[in-house]
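A quick write-up on the structure given underneath.
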Amino acid sequence: MSIGQPKPLRVVVLGGGTAGWMTAAGVAKLLPGLADVHLIESKDIGIVGVGEATLPHIRGFVERLGIDEAAFMKATHATYKLGIDFRDFGSIGTSYIHPFGSFGEEVNGVGFHHYWLELQRQGMAGPIGDYSLAVQAAQANRFVPPVQDTSLASSYGYAYQFDATLFGPFMREFGVTNGVRRTEGRVTGVERDAETGDVSALTLESGERIEGDLFVDCSGFRSLLLGDTLDEEWEDWTHWLPCDRAAAMPCAHTSDEIAPYTTATAMPAGWRWRIPLQHRIGNGYVFASSFISEDEACDAIAKAAEGTQLADPRVLRFRPGRRKKSWSHNVIGVGLASGFLEPLESTSIYLAQMAITYLIELFPDGPQIDPRDRDEFNRLVDMEYDRVRDFLILHYNATTRDDSEFWNHVRTMELPDSLSGKMELWRDAGRIEKYSDGLFYDASWIAVYLGQGVLPQHHDPRAALPKPQQVAGALSQLQKTIGDIVTGMPSHTEYLHRQTARMADPL
Amino acid sequence: MSNPRAPLRRIVVAGDGQLGSLAALAIKQALPFAEVIIIGTPVDNGALADRSPTALPFTNRFHDRLGLQEELLLLRAGGCHRLVLRYIGWGGHDGSGAVQHGAMPYGLSNDASLKTRFAQEWGGGSRSGTEGQSGSQFAGSVAEILAGRGQFAILPSETPTPLSDVDYALRWNPAAYRDLIIERAAAAGVRHIAGEISDTVPDGQGGLSALTIAGAGTIEADFFVDCTGPSAALLSRTAPVKRDDWQEYLPIRQLAFAQPVKPVLSLEDRVSLPQHGWLNELAGRDALQLMLALPDGVSDGQIMDMLGQPPAESISLNPGAVCEPWTGNVAALGDAAAQFEPLGFLNLDLAHRQLELLLEMLPGQVVDPRERDEYNRRAGLMAAGVRDVLGLHYAAPAAAERFGPLKQSAHLKRVLDQSSRRGRIPFSEELPLANQELSALLAALGMGSGLTPLALAEGNDAAEKSRAAFEAKAQAALSAAPPYGEWLGRFLQSNQPG
């Protein structure tokens with residue numbers, strides 16, 4: 001501890017899943033001397049292990065903690081990810097990739113998509129994905145990391161697809177190496193300060209009593225502290241996001257090619273994921289139990305998975321929504337204990353990472369937590385969840401599907417005001433409501449709107465000023481340049497195999 | 001199927017000051033097939049954006065986009081560079097009784113050093129600052145070191161140089177700048193009609209269909225841009241203008257301008273707290289310009305005492321912003337949309353950011369109400385951001401004592417609280433300054449920042465590394481930068497026409 005540092009705060013993390021070990025490792029590594037981190041986990045309590053697919057932000061977390069990317073990929077059987085391929089969402093038979101990258105470039109202050117809309121009207125444009133390097137590389141199953149300059153070859157990002165059940169243990173090892181104390185045991189009692197109501201200690205089945213100044217609830221959906229103990233209210237979003245179950249089932253690869261993207265395919269009562277890892281493919285059917293039974297969903301995912309089934313489908317249950325307060329008293333919820341949004345846009349790990357980032361920024365400077373810091377944390381977490389929520393709802397509502405009760409419901413449901421305003425602006429004028437905080441900016445909204453067939457009534461008049469042939473020529477040139485770059489990339493599988501330090505040992 | 005809207009055929013920009021001229025040029029460039037007319041109706045003296053001899057770094061990039069090269073401003077409009085704005089006395093006195101002062105640099109390159117324990121503690125006043133000036137709070141910026149030594153240059157290079165990270169603002173002569181823009185606009189095909197607006201014709205949809213110019217007849221247009229200053233000559237004729245009054249937030253009600261004095265070439269401008277109000281000292285190749293910003297109740301004699309002469313001009317100020325600066329088919333920019341004191345040179349910066357937003361949202365012949373709503377939402381955020389940055393100045397210790405308690409928005413309260421206790425600046429959309437710049441501003445105003453948990457945890461080794469890295473960076477910049485006056489002289493001489 002350096003001069004001027006306060007006495008380390010006793011941080012007790014409850015739960016040894018992904019969120020728990022990410023929190024414990026992050027706090028221990030980044031706040032040495034300020035935090036004494038103690039994690040409690042139980043072998044008897046299963047790990048949900050959501051979040052096999054991630055967003056590019058995870059790279060920042062890995063780098064910030066000084067984790068060796070190759071070791072991390074090897075340990076978690078990770079592959080690279082350039083985006084998500086959405087199938088059958090706007091209508092059956094259609095598909096699009098939501099890339100970690102942009103489409104074309106703004107010209108004379110007018111967004112690329114306006115020119116694309118104009119050319120498309122003239123019958124002179126291909127799909128908008130033709131003008132995205134990330135989309136083209138993904139569709140060609142090719143990958144290299146982006147270059148570090150301002151050229152077209154730098155215009156995308158990447159994330160990982162990994163085995164979430166291996167990610168937790170990897171972070172555990174990293175956390176323990178960086179000073180996290182670990183105790184195995186089941187919590188049987190929670191003590192609270194009679195005066196403040198703060199949690200003061202946890203009692204384990206063994207009789208051990210663990211005191212703390214700050215408790216991080218990573219106990220998953222059970223939410224032992226934030227939910228059971230403090231009874232923090234849950235804001236339910238089932239009416240907007242009716243999926244409340246997932247039937248997960250791994251299968252073997254069916255070919256040597258590993259796709260550098262996740263696939264989300266719409267199903268009659270939800271959607272299913274396909275996440276290619278180094279050694280297997282993760283599959284799962286996210287469904288609404290009010291529209292289909294668990295058995296039917298398990299049958300459906302078993303039929304849909306392409307390769308040899310490696311395990312029976314496992315059903316996970318969840319409730320979309322978030323706590324009205326993710327930080328209450330001296331308890332902070334991270335991960336599922338705080339909120340849940342289905343993994344349609346691979347946001348689960350991002351949402352945990354986001355909460356950890358804000359926790360570190362607002363880490364209490366003593367055992368007395370300033371209510372202003374708590375309010376600030378809750379304001380930020382609410383903003384993040386609400387923005388992701390609206391973006392997810394868009395995927396369901398922007399559809400013409402009428403082939404099932406589920407799709408009829410989500411197509412016609414009443415939307416949050418925050419989303420309906422955005423959609424009206426797009427439908428009328430082809431514009432995106434701007435924000436710079438939180439997740440999913442212009443390119444993401446454009447990808448989903450256009451990918452799901454929501455064309456605006458009008459686009460920017462300036463897009464029609466140049467001669468169409470001139471714009472078509474520029475777009476053809478862009479397409480050619482993208483094609484040349486993609487052709488120069490190795491296949492994703494080839495790139496992975498070249499990086500031997502990143503490849504897990506054969507199973 | 002999406003269809004393009006019919007493009008605007010004729011756009012009228014009212015007000016041919018430096019803002020209206022630039023708006024006309026920018027719109028003509030955006031819509032080369034449209035007719036753009038600029039009406040030379042007199043711009044109100046209180047139009048602070050129009051009379052501002054400087055802006056912020058955003059304007060440099062905006063100029064680039066419009067093809068207005070920086071060289072042109074140096075050669076034709078008396079342009080020169082400002083690296084820092086020095087605040088003198090806003091933080092009161094330091095422990096030794098010396099007047100606190102600190103310099104605010106621009107750009108994002110101060111981030112890493114500001115967030116380290118080294119920079120925060122060094123910046124907290126424990127070290128006597130720039131070039132031995134007692135009471136200075138060193139913000140850890142290379143710009144301040146360069147400004148203190150009077151060294152800077154724009155180095156032509158394809159690759160990064162030790163000066164590449166140093167951002168800057170430009171100053172110029174507003175009349176020469178305006179003439180340059182008018183010339184460019186005319187060359188681009190903008191028509192210029194002199195005369196006063198004598199009447200307007202409503203379009204029946206909350207906007208205008210035409211206006212009448214005394215001696216020049218009636219001009220019809222699809223869209224109107226109001227750059228006439230606080231009177232908002234066009235916007236005020238669309239509907240009763242609803243205004244967000246900032247009198248409870250901002251204390252200044254009067255500006256007194258001194259007769260400009262001999263030129264001063266400096267990389268630094270200053271704003272200090274004399275006996276009453278605050279005093280701006282703006283250097284320039286034409287003149288040093290002094291301006292007093294005053295609350296109510298300061299007598300003429302007191303103003304004369306502070307300026308050392310009677311003011312050459314005084315104007316009154318009623319701070320506030322129009323709630324819907326785009327109404328019907330009329331969009332108001334600059335002082336027609338928001339008026340406030342020129343503290344930190346935000347007036348023209350806001351006007352240019354409004355103009356950029358208008359270019360982004362430029363409508364078709366028929367205005368889409370949702371597009372207009374989105375413009376007004378973002379323009380409202382921009383205005384509120386300016387009000388908060390100004391309010392932040394008045395929260396500085398000596399300013400708070402002088403100007404008394406002022407209303408603060410929830411966001412400003414949050415920034416002040418989080419910065420002072422936690423060393424973090426909560427993000428807000430459409431703010432005029434980046435968070436790194438706000439951190440630097442708070443330090444310059446003498447508002448100590450708390451240490452972030454990361455800075456607290458990083459330990460002394462990391463702090464020492466940061467210090468060494470910063471000193472190496474500063475040394476490299478000093479080695480690369482010639483004396484500014486010499487460089488500028490050489491540049492002007494070697495680029496003389498003919």
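Remember, predicted model here, so these are calculated numbers, not experimental data.
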Which answer fits [X], side chain, backbone, both or neither, if we ask what part of it has an atom under 4.5 Å from a heavy atom of chain A?
X      : result
B:R5   : both
B:P369 : neither
B:L362 : both
B:Q418 : side chain
B:E429 : side chain
B:A6   : backbone

Under 4.5 Å from any heavy atom of chain B, what part of [X] do you find: side chain, backbone, both or neither?
X      : answer
A:L380 : side chain
A:A429 : both
A:E433 : both
A:R427 : neither

Give the member of [options] that has the highest number of heavy-atom pairs under 4.5 Å with chain A.
options                        : answer
B:M361, B:Q365, B:Q29          : B:M361
B:E356, B:R421, B:R377, B:M1   : B:R421
B:D373, B:L381, B:D417, B:L359 : B:D417

Flag yes if more than 12 heavy atoms outside [X] fall under 6.0 Å of its [atom1] atom; otherwise flag no.
X      : atom1 : value
A:Y441 : OH    : yes
A:K325 : NZ    : no
A:E105 : CD    : no
A:D417 : CG    : no
A:N178 : CG    : yes

Looking at [options], which one has more heavy-atom pairs under 4.5 Å with chain B than the rest?
options                        : result
A:D460, A:D375, A:D373, A:L30  : A:D373
A:L455, A:L117, A:D428         : A:D428
A:P364, A:G111, A:G421, A:S436 : A:S436

Minimum-distance pair of heavy atoms, taken over all atoms of [X] and [Y]:
X      : Y      : result
B:P363 : A:P461 : O-CG, 3.9 Å
B:S2   : A:H458 : OG-C, 3.4 Å
B:R65  : A:G109 : NH2-CA, 3.8 Å

Starting at [atom1] of [X], measure out to [atom2] of [Y] and round the result to the nearest 0.5 Å.
X      : Y      : atom1 : atom2 : answer
A:L31  : B:E458 : CG    : CD    : 11.5 Å
A:D365 : B:L456 : CG    : CG    : 8.5 Å
B:L31  : A:L465 : CG    : CG    : 6.5 Å
A:M423 : B:R370 : CE    : CZ    : 12.0 Å
A:L425 : B:D368 : CG    : CG    : 7.5 Å
A:K434 : B:L357 : NZ    : CG    : 9.5 Å

message = Hydrogens and angles aside, do A:E118 and B:N3 bring a side-chain donor and acceptor to less than 3.5 Å of each other?
response = no
query = Is any side-chain heavy atom of A:R379 closer than 4.5 Å to a side-chain heavy atom of B:P426?
reply = yes
B:R414 and A:R372, any side-chain heavy atoms less than 4.5 Å apart = no
key: Polar side-chain atom of A:R431 near backbone of B:E360 as donor-acceptor pair, under 3.5 Å   = yes
inquiry  = For B:P453, run the side-chain contact (heavy atoms from CB on, under 4.5 Å) check against A:L9, A:L359, A:L34, A:V27 and tell me which one passes.
reply    = A:L34
inquiry  = Between the side chains of A:E361 and B:R422, is the shortest nitrogen-to-carboxylate-oxygen separation below 4.0 Å, so that they form an ion pair?
reply    = no
